[in-house]
Amino acid sequence: MSVASPAGRVRVGVLVSGSGSNLQALLDAAADPAYPAEITRVIANVPGVYALERAAAAGVPTAVIPHQGRTRASFEAELLASLADVEWVCLAGFMRVLTPSFLDAFPSRVLNVHPALLPAFPGTHGPRQALEYGAVQAGATVHLVDAGVDTGPIVAQGSVAVREDDTEATLAARILGLEHRLYPMALRWAAEGRITIEGRRARIALGSGERRWLVES
Ligand code: GRF
């Protein structure tokens, strides 16, 4: 399964369903040859999404693998076939839950970014849920993916203050900005083999001055 890239960087596949702004953050980080991961494949489950254009602009091979009108098993088998030569997988706005038949092929090697401070507000509409609940801090989480919905070990988190005049859109935009900073940082740790799992806890071998959290007021 693992095939080293010519530059010795870790080969990463990214799964997307939409705009792909988090994909862009990963592509931008990987544009630096010193970054330890290379995006070698981008797969969308929805045809025509903007994320595919971002990948093409960066010269990354893409595929569209629709999930509709078929079994989950057949969808995931095609995803796996398309990811045969990647070592890590990043979900970036990918709106499908993956089952063990996919995850077992990448044990503790699938990352996701979620727009909430997990374990609060898993699932869809994290920013809306935070606003409606009356939270005064919201944020984003990068975590390893397990078979639950947004339940895997937490790698990094960032928080933002909820403003009195926030709408779902304004809060989501600030959270998205945090996601774009957190995700490349977490993928670096993954690619450098600095993440270990103890129970449900991810441990990171942090370098001097590194932190697993960001705070924006
Ligand atoms: C992000 O908040 C992501 O966490 C969520 O969908 C939003 C859009 O992501 N799952 P992107 O611009 O497609 O990366």
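Ligands are counted one by one from 1 in listed order, and the atoms in each one are counted from 1 as well.
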Worksheet, complete the sentence: The closest protein heavy-atom partner of atom 13 (O) of ligand 1 is Gly20 N, 2.8 Å
Worksheet entry | Shortest reach to atom 1 (C) of ligand 1 by a heavy atom, considering only Glu179, His114, His180 | Glu179
Worksheet entry | Ion pair Arg72/Glu76, N-O distance below 4.0 Å | no
Practice prompt. Assess the side chains of Arg41 and Ser82: does a donor N or O sit below 3.5 Å from an acceptor N or O?
Written response: yes
Discussion item. To check your reading of the model: name the closest protein heavy atom to atom 6 (O) of ligand 1, its residue, and the distance in Å.
Written reply: Gly93 CA, 4.0 Å
Worksheet item: Taking 4.0 angstrom as the limit, do Arg181 and Glu216 come out as a salt bridge?
Response: yes
Worksheet item: Heavy atoms, side chains only, cut-off 4.5 Å: are Val16 and Asn22 in contact?
Response: no
Worksheet entry | Short N-O contact, Asp166 and Arg174, less than 4.0 angstrom | yes
Worksheet item: Which atoms of ligand 1 are found less than 4.0 Å from any heavy atom of Leu176?
Response: 1 (C), 2 (O)
Worksheet entry | Protein heavy-atom partner closest to atom 11 (P) of ligand 1 - residue, atom, separation in Å | Ser21 N, 3.4 Å
Worksheet item: In the protein, what heavy atom is nearest to atom 14 (O) of ligand 1, and what distance, to one decimal place, separates them?
Response: Asn22 N, 2.8 Å
